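Please read the structure below before turning to the comments.
Not measured: the values here are computed from a predicted model. Note on naming: letters A, B, ... go to the chains in the order of the sequence lines (proteins, then strands), and numbering restarts at 1 for each one.
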Protein chains: 2
Amino acid sequence: MATLPKVRKAELAPSKKAGGAVAVMSKQDTDVTDQGADEDASLRVHAAWEAIRDDILSGNLAPSTRLRISMLNKKYSIGASPLREALSRLVSENLVVAVDRRGFMVTPMSVSDFRDLTNMRKLLEKEALRLSFQHGGERWEADLVAAFYRMGRVQERLDAGDPSTLAEWEVLNREYHDKLVSACGSEWLMRTRENVYVCAERYRRICLSIRNVPRDVTKEHKQILDAAIDRDVPKVHKLIDEHLERTFQKVAESGKLPN
Amino acid sequence: MATLPKVRKAELAPSKKAGGAVAVMSKQDTDVTDQGADEDASLRVHAAWEAIRDDILSGNLAPSTRLRISMLNKKYSIGASPLREALSRLVSENLVVAVDRRGFMVTPMSVSDFRDLTNMRKLLEKEALRLSFQHGGERWEADLVAAFYRMGRVQERLDAGDPSTLAEWEVLNREYHDKLVSACGSEWLMRTRENVYVCAERYRRICLSIRNVPRDVTKEHKQILDAAIDRDVPKVHKLIDEHLERTFQKVAESGKLPN
DNA sequence: GCTGGTCATTTTATCGATAAAAAAAGGTTT
DNA sequence: AAACCTTTTTTTATCGATAAAATGACCAGC
């Protein structure tokens, strides 16, 4: 009863998980969605999940908006079952809240939530960085440098006043931060961090819309990069705290959020 | 576009959230399910979610078991839509894994997963404790002492060799650890910790089934309690690390898990 | 004896229909 | 005009049916 069945995996899960493999991956290949394996974009649930998620993150579906099945039905041409399934997932991912018999709504935003979220991110990010510094090798360093340069490029264009690069900025910023922690070696930490990162995206977007204090993000990223190469944990912890805190401050002071 | 709609909450969410209120709450009142508000036990999704979850945590549904809709259908007499919805939630909670077009299965267990999980728990638990020490007042201390004593009682009965108290032990152990961090004041931390705690339950159950080294859990809990009353953060961090690590070691060495 | 292909069976993913619950709209009575 | 019933309308939660995909069985050929 207590003993476990030997292994019996593999039949269901064709995932490879790429332990030491290098994973070249050209990205922007066909389009989206196909990152590891097992994601089938032709599934309605998947389409619904992605569409709603994107609309929430982009602000297209504003915080506290009620998500009526009939409305989503028309908007995305997807039936009730896959929609509800997608919404259930989004609930667990904290982008949607549900009340029994009363449906779903986009998770509200507030300063206090962002305060909490920022603290959580600091905790996870710092631990992931610490571990990544321990386990990351030369390959990791090289990839990190590359991600930093790509990020710098798009930052230049953004600073030059081209707002069409906003989406690209978000992607590259994310890739840089992902790369930083990518060597941490903890599935749980990565999963959780990912979730928190995604939920912070709506707030980050507000931050980007504020163009008063000309904060030098590239410089901040450069300092973090240097600390990473030096494996200077205390330094990078301080930098990350400041980096995240600065974003929080800007958003909190913007007056665009309740509470 | 970027500005948010004023508040417009309340219509959907009747939750009170009890900021400073004391929340007496007699518990074991009518029965189960009705904890805060908005949980409607008559919903099939809810029933399915709870039933499958319990069966996974109790080991009734072994790790790596495939969860075929038809099988669950017969077992719980619930239709496909609510079942899939419940399974989707469980996927986000890491108790079930899904592969597109190939269905669901109970998340496998392994030593390496438990290693990772334990590290994650240490991180979250320690941070939550630190915050709880900061914010917890007299009321919190009193509740903590109460939870400790209740726990000690059931521990005695368990040590006396009564295996029927196992479920009760799990509940009280949980209440003690919950109480410890209950004053931390961070929604995100609590949510995440909760998820990790639940996923560790299957492993904890293995630990309980090993009755070789007569580990004195009550003493460990007492030390933690004392450190909590003293607000001794470094001490409680050390104790929690050891507490969780000890469980990990026992399970890892039991040979009941692959990898 | 294994490899590869075709057919039968099982299982997933999804739609459309429907009972039950919630919200909205009126209509009384005080 | 505020509190309270009814009646209508909307919306959620769920079932049963079904196309498409995956799995398994069977068979032929090298």
Side-chain angles (χ1 to χ4, degrees), chain A residues 8-15 33-34 37-53 61 64-92 96-107, chain B residues 7-15 33-34 36-53 61 64-92 96-107:
Chain A
R8 198 180 322 153
K9 222 172 136 177
E11 313 160 65
L12 198 145
S15 66
T33 58
D34 190 37
D38 74 4
E39 295 270 283
D40 187 339
S42 73
L43 291 179
R44 314 295 266 154
V45 210
H46 186 270
W49 175 77
E50 193 161 46
I52 300 172
R53 180 174 180 272
L61 286 170
S64 304
T65 305
R66 292 206 59 176
L67 299 168
R68 294 227 166 70
I69 298 294
S70 55
M71 169 263 212
L72 299 170
N73 202 331
K74 269 178 276 187
K75 198 168 153 95
Y76 305 110
S77 306
I78 291 176
S81 320
L83 274 178
R84 289 185 59 88
E85 214 177 306
L87 288 169
S88 297
R89 278 185 62 182
L90 291 167
V91 167
S92 301
V96 167
V97 296
V99 177
D100 286 350
R101 287 221 150 78
R102 206 154 306 185
F104 304 85
M105 76 165 177
V106 180
T107 301
Chain B
V7 174
R8 199 181 319 155
K9 219 172 140 176
E11 313 162 65
L12 199 146
S15 66
T33 56
D34 189 38
D38 73 4
E39 295 270 283
D40 186 339
S42 73
L43 291 180
R44 314 295 267 154
V45 211
H46 186 270
W49 176 77
E50 193 162 47
I52 299 172
R53 180 175 181 271
L61 286 171
S64 303
T65 304
R66 292 205 58 175
L67 299 168
R68 295 228 165 70
I69 298 294
S70 55
M71 171 263 211
L72 300 170
N73 202 333
K74 268 178 278 186
K75 199 169 152 93
Y76 305 110
S77 305
I78 291 176
S81 319
L83 274 178
R84 289 185 60 88
E85 213 177 305
L87 288 168
S88 297
R89 279 185 61 181
L90 291 168
V91 167
S92 302
V96 167
V97 296
V99 178
D100 286 350
R101 289 221 146 80
R102 208 155 304 183
F104 304 85
M105 76 166 175
V106 180
T107 302

Using OP1 and OP2 only, check whether a side-chain N or O of [X] sits under 4.0 Å from [N].
X      : N      : value
B/R66  : C/dT11 : no
A/R102 : D/dT12 : no
B/R101 : C/dA13 : no

Grab the [atom1]-[atom2] distance between [X] and [N] for me, whole Å please.
X      : N      : atom1 : atom2 : value
A/K74  : D/dT10 : NZ    : C1'   : 11 Å
B/L43  : D/dT12 : CG    : C1'   : 9 Å
A/L83  : D/dA13 : CG    : P     : 13 Å
A/D40  : D/dA20 : CG    : P     : 15 Å
B/I69  : D/dT14 : CD1   : P     : 15 Å
A/E39  : C/dA13 : CD    : P     : 12 Å
A/F104 : D/dT12 : CZ    : P     : 9 Å
B/M105 : C/dT12 : CE    : P     : 14 Å

Open item on the list: Let me spell it out: for each of B/R84 and A/D100, pick the nucleotide of DNA chain C with the closest heavy atom. Which residue's pick is nearer the 5' end?
Closed with: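 Of the two residues, B/R84 wins.
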Task: 5' priority, DNA chain C, between B/R68 and B/S81 [closest heavy atom] - done: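 Final value for this comparison: B/R68.
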Task: Minimum heavy-atom distance between A/S92 and B/S92, given as atom pair plus value - done: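 Closest heavy-atom pair between A/S92 and B/S92: CB-CB, 3.0 Å.
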- [ ] With the side chain of B/R44 defined as its heavy atoms from C-beta on, choose the nearest nucleotide among C/dC15, D/dC15, C/dA13.
- [x]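 Shortest atom-to-atom distance from the side chain points to D/dC15.
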Open item on the list: Checking side-chain polar atoms at under 3.5 Å, does A/R101 have a donor or acceptor matched by the opposite partner on B/S42?
Closed with: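 On atom types as modelled, these side chains qualify, holding a pair under 3.5 Å.
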Open item on the list: Go nucleotide by nucleotide along DNA chain D from the 5' end; which of B/V45 and A/S70 gets its closest nucleotide reached first?
Closed with: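 First, find each residue's nearest nucleotide; the 5'-ward one identifies A/S70.
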Task: Exam field: side chain A/D40 to backbone B/D100, donor-acceptor pair closer than 3.5 Å - done: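 Answer holds: no.
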Open item on the list: Quick check against the 3.5 Å criterion: does B/R44 have a side-chain atom that pairs as donor or acceptor with the backbone of B/S77?
Closed with: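 Confirmed, B/R44 side chain pairs with B/S77 backbone.
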Task: Passing candidate, side-chain contact (heavy atoms from CB on, under 4.5 Å) with A/F104, options A/V91, A/V99, A/L72 - done: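 With A/F104 as partner, A/V91, A/V99, A/L72 yield a single side-chain contact (heavy atoms from CB on, under 4.5 Å), made by A/V91.
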